[in-house]
Protein chains: 2
Amino acid sequence: MEPISKPARGTAKAEETRSRILAAALNLFRERGFDQTTMRDIATAAGVAIGAAYYYFESKEALVMAFYQEANIAFHEGIEAALERKTDLRARLRAVIDVKFEYFGPNRKFLGALLRHAADPDHPLSPFSAETREIRELDMRHFSQALDSSNLRLPEDLRPYLPKLLWLYQMSLILFWIYDRSEGQARTERLLEKSLAIVVNLLKLSKSPFLRPVRRTAIELLQAVSEETPSLA
Amino acid sequence: MEPISKPARGTAKAEETRSRILAAALNLFRERGFDQTTMRDIATAAGVAIGAAYYYFESKEALVMAFYQEANIAFHEGIEAALERKTDLRARLRAVIDVKFEYFGPNRKFLGALLRHAADPDHPLSPFSAETREIRELDMRHFSQALDSSNLRLPEDLRPYLPKLLWLYQMSLILFWIYDRSEGQARTERLLEKSLAIVVNLLKLSKSPFLRPVRRTAIELLQAVSEETPSLA
DNA sequence: TTCTGTTCTTGAACACGTTCAAAAACAGGA
DNA sequence: TCCTGTTTTTGAACGTGTTCAAGAACAGAA
């Protein structure tokens, strides 16, 4: 199953056309926003007919997904590099998230288009869909790495679920950030700071017998929910 | 600001037309789903011209919101009644949520249309928008009631934030439920069961000195996020 | 070079949500 | 009853995302 963008099978020239369309689209999205840009605008800016845009991209929103996909690949190295320099779990998690926000920064506004169908796992562009699995898994792996070889010993039974949980946590942060209209998205920064403290703190405390019953229930919950959830499996 | 549905200012006949349109729409939504139903279908089924539908409702999705709004008012009594019979906090929270799910039941599939713009607080149909404030506040009040006069003593400093938090928790449950394709939404049931246990457990434990630092940070977080958030204020 | 199948490109046409100017229906005062 | 302003209803027209049949460009075999 080819993910999102239709034919990678390009000759050099086709590949050139494809990226010209994508570039034109992203420029227009950044300038005027997603809704204010029409497919006709994009085609004109790229110097092709409307049909060409649909030959390379399933839909208007698929253009945004193509950006997201390429971004995720571009992240990869930056994240690996950032992780090498840190041992503290909190710092490691923060590093993963920071790299992304930095990269997403200038495209914040039109990324909202991606979240339109976010909730529907049947929609090809949902972050939970089968079509976006590769992206999602790459993304989770970053958290997995952040967890490994950190200074914090984690409870064994919780460990397998943590990458998914942290990924989910990250998605909510991104969601909040996209619609954060405060100056420089200051509120997201505060949310990140405090919530990360809580996450790490709970992870630390979760080993204690005091929180044992909560941890138990949490694991039961995770089992119950993730079984038969192909997208999160 | 009139919320959602345009003119309630109706003569009896106008009101009749409005409800005929809404009824036709909801029937079609239930039968074929939201996307498969066109505004033309709705108008035809209601025996009016397309324009009439737009005279009474801002948009296609506003029809779903009108259902949601009416549902919320209809809940009210049922919830009050259910709360009178229970003292255990867990049972009380459960009661509030159960009443809603029962009422939403047959309309589960098309309710997804409401969540399309859920993330964008600027969109009039977002559950976070100014336009939906009344509905949201009514909804939060149910949780407030469930908290009051329950058998569990809650930490004072956390109390003001709890209705919002529980409302948010409920929204995620509804989101999960809408897209839960398991038989009879069994997975949502399990998620509800376990997560509610955790919620109540954490509330209980939150008073203990052991979780003091976490509670502190949590409150800081809530303050930081809710300031300047008109929709959640 | 010519032929043939594949890849790429085109733009008219379609579907559907939405708008709006015009008309019909109505209310109530003279 | 007639007149006047308001509410309600109409449906043609518009904008935009998307489809698709037809053709152009191209690659490689003969």
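Each chain gets a letter, A, B and so on, in the order the sequences are listed, and its residues count up from 1. Since the structure is predicted, the reported quantities are computational estimates derived from the model, not experimental observations.
- At a cut-off of 3.5 Å, with distance as the only test, a side-chain donor of R108(B) or Q185(B) sits close to an acceptor on the other residue.
- Of the residues in residues 108-120 of chain B, not one comes within less than 4.0 Å of DNA chain D through any heavy atom.
- Atom CG in L28(B) sits roughly 13 Å away from atom P in dC16(C) (whole-Å rounding).
- The side-chain contact (heavy atoms from CB on, under 4.5 Å) search around T44(A) returns none, not counting sequence neighbours.
- In this structure, the nucleotide among dT18(C), dT9(D), dG17(D) sitting nearest to the side chain of S59(B) is dT18(C).
- Here R32(B) pairs with L28(B), Q36(B), T37(B), D41(B) under the side-chain contact (heavy atoms from CB on, under 4.5 Å) rule; sequence neighbours left out.
- When rounded to the nearest whole Å, the span between CD of E61(B) and P of dC16(C) equals 16 Å.
- The phosphate of dT9(D) (OP1 or OP2) has no side-chain N or O of Y55(B) nearer than 4.0 angstrom.
- Straight-line distance from the CZ atom of R40(B) to the P atom of dA13(D): 13 Å, rounded to whole Å.
- Applying the side chain to side chain donor-acceptor pair (under 3.5 Å) test to R40(A) and every residue at least two apart in sequence or in another chain returns nothing.
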Please encode protein proximity along nucleotides 19-28 of chain D as a string of B, S and -, counting only heavy-atom distances under 4.0 Å. B---------
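- dT7(D) atom P lies 16 Å from atom CD of E15(B), rounded to whole Å.
- With the nearest nucleotide of DNA chain D identified for both D35(A) and G47(B), G47(B) has the one nearer the 5' end.
- Set against dG17(D), dT10(D), dT8(D), the side chain of A52(B) has dT10(D) as its closest nucleotide.
- Residues passing the side-chain contact (heavy atoms from CB on, under 4.5 Å) test with L221(A) are V225(A), L191(B), K194(B), S195(B), I198(B), sequence neighbours excluded.
- Between the CD atom of E16(B) and the C1' atom of dC26(C) there is a distance of 16 Å, rounded to whole Å.
- At whole-Å resolution of the value, CD in Q36(A) and P in dG17(D) are 11 Å apart.
- Taking atom CZ of residue F57(B) and atom C1' of nucleotide dT8(D), one finds them 14 Å apart after rounding to whole Å.
- The side chain to side chain donor-acceptor pair (under 3.5 Å) check on S19(A) picks up nothing, with sequence neighbours excluded.
- Taking the ring axis of F34(A) as reference, the NZ or CZ atom of K109(A) does not stay both within 45° of it and closer than 6.0 Å to the ring centre.
- The phosphate of dT9(C) (OP1 or OP2) has a side-chain N or O of T17(A) nearer than 4.0 angstrom.
- Distance L125(B) CG to dG17(C) P: 15 Å, rounded to the nearest Å.
- Here dG17(C) is the nucleotide among dG17(C), dG17(D), dC8(C) with the atom lying nearest to any side-chain atom of K60(B).
- The salt bridge (charged side-chain N to carboxylate O under 4.0 Å, His left out) test applied to E102(B) returns no partner, not counting sequence neighbours.
- A search for side-chain contact (heavy atoms from CB on, under 4.5 Å) contacts involving A24(B) returns A45(B), A46(B), not counting sequence neighbours.
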